[in-house]
Enquirer: 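One structure follows; several queries about it will come next.
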Amino acid sequence: MFEGIEEDIIEYGMGIVDEVEVACIRSESVSIELKKTVPAHAGESYGTGLIIRVIDGGRIGSSSTSTPDTWRSCLDQAIASAHLAEKVPWGGLPGPVPLSGEPLAFDPSVRLDPEIALSFCSDLLQGAEEYPEAMVVGGGAGFSIGRVLLSNSAGISYHEEHSSVSASLEAIADQSTGFEYDRSAFMDIDPHAIGRTAAELATGSRNGVPITTGTYDLLFSPMAFASLAASLLQSALNGRSVHMGRSFLAGKLGEVIASEDLTVTDDPFYPGGLGSTRFDAEGVPTSRMELIKDGTLTSYLYDLKTAYRFGTMSTGNASHGGPGGGISIGIHNMVFEAERMADPGEGECMYIHDVIGAHTANPLTGDFSVEVQNSFFMEDGAKGDPIRKAMLAGNIFEMLGKIVGMGETPRRIGSVIVPPVRVSDMRLVG
Amino acid sequence: MDENLRYWDLRYVSGEHTGIDIDNRQVESAGVSFFSKAVIRALGPKGWGIVTVTPFDPEDRTSLSSYLNRAAKAAVVTREDVVLADAENRRPLPVPPMKEDPRDVSLEEKAALLLEITEAASLPGVTSTRGTYTERNETVFFLDSTGYETSYTICRSGFSVMAVAKRNGAMEMGYVRDHTIDGLNIRHRSPDGEKAGKRAVALLDAKKPKGGRMRAVLDPELGGVFAHEAIGHASEGDLVKEGASVLKDRIGEAIGSPVVTIIDDPTLRSFGFEPVDAEGIGGTRTAIIEGGILRRYIHSRETLAAVGFGDAGHARAMPGNIPVVRMSNTFIAEGDASYDEIIEECRSGILLAGSRGGQVDPGRGVFQFNAEYGYLIEGGELKEMVKDVSLSGEILQTLHSIVLCGNDLRMHPGYCGKGGQSVPVSDGSPHLLLEEAIIGGSGDV
């Protein structure tokens, strides 16, 4: 890495501004991409990044570069950026605390070896062969390892390693498509099962039947639920959006906002969570945060700046998600829990595996109307006929109040952890 | 260099990104960041070996050759027989001159101009405003194993302004954005802020439609999204090649009504303009559908060789990413109907306007997109305003339902995502009348 550079930057910067923070990020990866059933691309990547943040008289500035050698101009830009920013009642960067233990999202057995990626690809294909009527369109597998070093002028020098293992497959049978993937920090994904599921979805969704427009009970797969609800709920819980008047959940702390058995937690220590970490992007130690407890809104998410500004504490949710690597508010592992149902598909319902267009929902009000994908009539947990085409319309926040229960086994979808979710009374337009 | 390589290329992109974020009239953040990213592709006896490097120094030929060796080594495990079509057009287009180069304007002045726009959005009833400015200056350097070399510098900049209006616990959002390659576009743009504020307030009184099958009119922005989602993606040569497009094996077929002509044109002076594509190939205006007949796909060199029917020059890449077949400026050509004729002809239905984006499954042939707002049409006239309304359809049916194309084509800039990469595009259309559309909505009007 470019160890040592952070000390030079902090020392130089402290001659000019009140506080300095430096994040050095390095990552490497390998991947194999399949086109149909054939390995077509074999890739490697090597990346570095440097993010500098300065605070001067309560004004915060930042800049980033992929060329660490040129840190001086990056620092100059961070200082210029601070001059322009509005002053906030800043209470200082955090100092060091002992953060002991193994890295939470790093598996030392992850190796950047194309041969292993290739063997994952052949497992994907073998899995897909269980449904021979499905044609493989493409897919692939990849591994990456990253290291973050975070230092600041208050004496922090933390580092953390991350690893990532992923595989995906896309299949088609006639005009019916199926896609499945998994991504983990550990070598615990099952490419064979991924391949099989993609091919099974494609095969099973053929010959869809029309449905009548009306109101139905739905069983959302973890994937469908996560893509509809997670990012919208996250932005509504974002402390900055809340205080700036852009959140549906503003002013609702302590109120019941969901069905009474829904609990949503940000758990930075969730075993196997992709977003697991001991400190956030500002060096604030992370902790488990209950956001919704038994249907009641219990907390928003904060970084330091927003917390100082509105007289509260950082929840350890700063991330490098802003433009140019600047700080934004994020979530580590978003864990959804509700009353467990032995058979969430009991009685009659529609099983919704995925949706098309989740990102087109109204980010402010939570209203959405999306097209369902790989969805089925379901009776007592058994899939019946596939649904040819239907639009699902509703409101995310209202939907949280219509959750009847969840299945036993949660699934990881990126940094969202959720079981299948049973929701009543939703509108489908056929 | 490894003698087993049939071809290699390097695409190196460097530059700086400026971002300004104004939240409720205060500068939340403003600053400049730097990037330097390279992709090296090497074509071995079979498929591609690819190395992505950040940062990269193009002057350092020793490191280029060591990365090339890595790419050559990586390519050994590939098994696809990749063939490249000849690079016929290697004449880069000049980057159009800018009216005002954003690099000549200070960050302070840009922040002040953006502030003016967001302040204009603060109308009575508006409780929150936000404005963002982005500017990316990038220099692209391309070199390949034939010795061909080219480079250009392009600046893409623009703004968005958002207003939130509240009344009795209800909340709505108005949103206006504009991005361009024509230079600084944030002077005298207060009317855009005002428009965002007015829309937010007006939406407080809008109803949610019930949804169902009905006649629909699409405005030029949404018509453009329709062209992009319903046809553009499915005509991408890589999807056709892999069997993931419903437009596979349909060249020469009538897949739409005779009034429909859809074109993708990277040479057009609009937000998706590229002087050359990410394989160093000059752009071509590709008429995908002419008079309802599917004529061409859009291609990279590889997919043109594999599939045929169409033009290379449509490969695009985000800095530090591999070239992928992508749209650039995609539009439905003008017809001769006036806007008034279209609304009148619709008689009873819905007008959908503005876009919150869309998505397509090109293999299944189903697309979805969402409008920002709309109006019910009754007796050939616009009536009540509606909100949160979307449209979905099947590619092979919906194009037949376009019965009228207006004479008022307009392009709208945006970004398109595919394969984890986001590239600047523009979409456009005249007003369109659809004989039958599936409208999604959760309301009861």
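Per chain, numbering begins at 1; letters A, B, ... match sequence-line order. Keep in mind that this is a model prediction, so the values were computed, not measured. Note: hydrogens, waters and symmetry copies are ignored here, and every other heavy atom, side chains too, is used.
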Enquirer: At a heavy-atom distance under 4.5 Å, which candidate from A/Pro39, A/Gly47, A/Pro363 has the highest pair count against chain B?
Expert: A/Pro39
Enquirer: Would you mind checking which part of A/Arg240 comes under 4.5 Å of any heavy atom in chain B, side chain (CB onward), backbone (N, CA, C, O), both or neither?
Expert: side chain
Enquirer: Please classify the contact between A/Leu84 and chain B as side chain, backbone, both or neither, with a heavy-atom cut-off of under 4.5 Å.
Expert: both
Enquirer: Given that the side chain runs from C-beta out, which part of A/Arg206 has a heavy atom under 4.5 Å from chain B: side chain, backbone, both or neither?
Expert: neither
Enquirer: Given heavy-atom pairs under 4.5 angstrom as the criterion, report whether the side chain, backbone, both or neither of A/Ala361 touches chain B.
Expert: backbone
Enquirer: For each of B/Gly47, B/Ser392, B/Gly19, B/Gly363, tally heavy-atom pairs with chain A at distances under 4.5 Å, and name the one with the top tally.
Expert: B/Ser392
Enquirer: When you compare the side chain of A/Ile356 with that of B/Val360, does any pair of heavy atoms fall below 4.5 Å?
Expert: no
Enquirer: Select one option (side chain, backbone, both, neither) describing which atoms of B/Glu172 are under 4.5 Å from chain A's heavy atoms.
Expert: both
Enquirer: Would you mind checking if B/Glu135 and B/Lys110 are paired as a salt bridge, meaning a charged N to carboxylate O distance below 4.0 Å?
Expert: yes
Enquirer: Give the table of side-chain donor-acceptor pairs shorter than 3.5 Å for residues 49-58 of chain B, with sequence neighbours excluded, one pair per line with atom names and distance.
Expert:
{"unit_1": "B/Asp57", "atom_1": "OD1", "unit_2": "B/Glu59", "atom_2": "N", "d": "3.0"}

Enquirer: Are any non-hydrogen side-chain atoms of B/Pro362 and B/Phe367 less than 4.5 angstrom apart?
Expert: no
Enquirer: When only pairs under 4.5 Å are counted, which of A/Lys389, A/Lys305, A/Glu33, A/Met135 shares the most heavy-atom pairs with chain B?
Expert: A/Lys389
Enquirer: I'd like to verify something: which residue of B/Glu394, B/Arg364, B/Gln359 has the highest number of heavy-atom pairs under 4.5 Å with chain A?
Expert: B/Arg364
Enquirer: Shorter than 4.5 Å, heavy atoms on both sides: which option in B/Lys46, B/Glu16, B/Arg130 has the most such pairs with chain A?
Expert: B/Arg130
Enquirer: So what's closer than 4.5 Å to chain A heavy atoms on B/Leu239: side chain, backbone, both or neither?
Expert: neither
Enquirer: For the interface with chain A, which of B/Ala30, B/Gly31, B/Gly393, B/Gly212 has the highest count of heavy-atom pairs at distances below 4.5 Å?
Expert: B/Ala30
Enquirer: Between B/Thr129 and B/Arg25, is a side chain to side chain donor-acceptor pair (under 3.5 Å) present by the stated rule, with each step listed?
Expert: CA-CA 7 Å; B/Thr129 60; B/Arg25 305 183 185 198; 5.3 Å; no
Enquirer: Grab the two heavy atoms, one from A/Asn374 and one from A/Ser205, that are nearest each other, plus how far apart they are.
Expert: ND2-OG, 2.8 Å
Enquirer: Side chain, backbone, both or neither: which part of A/Ser64 has a heavy atom under 4.5 Å from chain B?
Expert: both
Enquirer: Under a 4.5 Å heavy-atom cut-off, does chain B meet the side chain of A/Ile32, its backbone, both or neither?
Expert: side chain
Enquirer: Which atoms of B/Val246 come close to chain A, meaning under 4.5 Å heavy atom to heavy atom: side chain ones, backbone ones, both, or neither?
Expert: side chain
Enquirer: Do A/Tyr46 and B/Arg70 have a side chain donor and acceptor closer than 3.5 Å?
Expert: yes
Enquirer: Measure B/Lys166 against the heavy atoms of chain A and call it side chain, backbone, both or neither at under 4.5 Å.
Expert: side chain
Enquirer: Minimum heavy-atom separation for B/Ala75 to B/Gly44, with atom names?
Expert: CB-N, 4.1 Å
Enquirer: Count the heavy-atom pairs under 4.5 Å between each of A/Val30, A/Thr37, A/Ile51, A/Asp367 and chain B, then report the option with the highest count.
Expert: A/Asp367
Enquirer: Quick one: of B/Gly169, B/Ser36, B/Ser14, who has the most non-hydrogen atom pairs under 4.5 Å with chain A?
Expert: B/Ser36
Enquirer: Is the shortest distance from a Lys or Arg side-chain nitrogen in B/Lys241 or B/Glu80 to a carboxylate oxygen in the other one below 4.0 Å?
Expert: yes
Enquirer: Out of B/Gly358, B/Gly243, B/Ala244, return the one with the most heavy atom pairs under 4.5 angstrom to chain A.
Expert: B/Gly358
Enquirer: Which pairs would a plain distance check flag for residues 241-251 of chain A, meaning a side-chain donor or acceptor within less than 3.5 Å of a matching protein atom at least two apart in sequence or in another chain?
Expert:
{"unit_1": "A/His243", "atom_1": "NE2", "unit_2": "A/Tyr302", "atom_2": "OH", "d": "2.7"}
{"unit_1": "A/Arg246", "atom_1": "NH1", "unit_2": "B/Asp23", "atom_2": "OD1", "d": "2.5"}
{"unit_1": "A/Arg246", "atom_1": "NH2", "unit_2": "B/Asp23", "atom_2": "OD2", "d": "3.0"}
{"unit_1": "A/Ser247", "atom_1": "OG", "unit_2": "A/Ala236", "atom_2": "O", "d": "2.5"}
{"unit_1": "A/Ser247", "atom_1": "OG", "unit_2": "A/Leu249", "atom_2": "N", "d": "2.9"}

Enquirer: Only pairs of heavy atoms separated by less than 4.5 Å count here; which of A/Glu28, A/Glu170, A/Arg59, A/Arg427 has the most with chain B?
Expert: A/Arg427
Enquirer: Between B/Val76 and chain A, with a heavy-atom cut-off of 4.5 Å, which part of the residue counts as in contact: side chain, backbone, both or neither?
Expert: neither
Enquirer: Using salt bridge (Lys or Arg N to Asp or Glu O under 4.0 Å), reason through B/Glu242 and A/Lys35 one step at a time and then give a plain yes or no.
Expert: CA-CA 7 Å; B/Glu242 288 141 29; A/Lys35 299 282 185 192; 3.4 Å; yes
Enquirer: Can you tell me which of A/Val136, A/Thr67, A/Leu118, A/Asn362 forms the most heavy-atom pairs within a distance under 4.5 Å of chain B?
Expert: A/Asn362
Enquirer: Answer with side chain, backbone, both or neither: which region of A/Glu115 has an atom nearer than 4.5 Å to a non-hydrogen atom of chain B?
Expert: side chain
Enquirer: Count the heavy atoms of every other residue, nucleotide or ligand shown that sit under 6.0 Å from CZ of A/Arg309, and state whether that count exceeds 12.
Expert: yes
Enquirer: Run the salt-bridge test on B/Lys418 and B/Asp238 with the 4.0 Å N-O cut-off and return the result as yes or no.
Expert: yes
Enquirer: Which bit of A/Ala171 is near chain B, if near means a heavy-atom gap under 4.5 Å: side chain, backbone, both or neither?
Expert: neither
Enquirer: Tell me, do A/Thr48 and A/Leu50 make a side-chain contact under 4.5 Å, heavy atoms counted?
Expert: no
Enquirer: Under 4.5 Å heavy-atom distance to chain B, tell me which part of A/Ile172 shows up: side chain, backbone, both or neither.
Expert: side chain
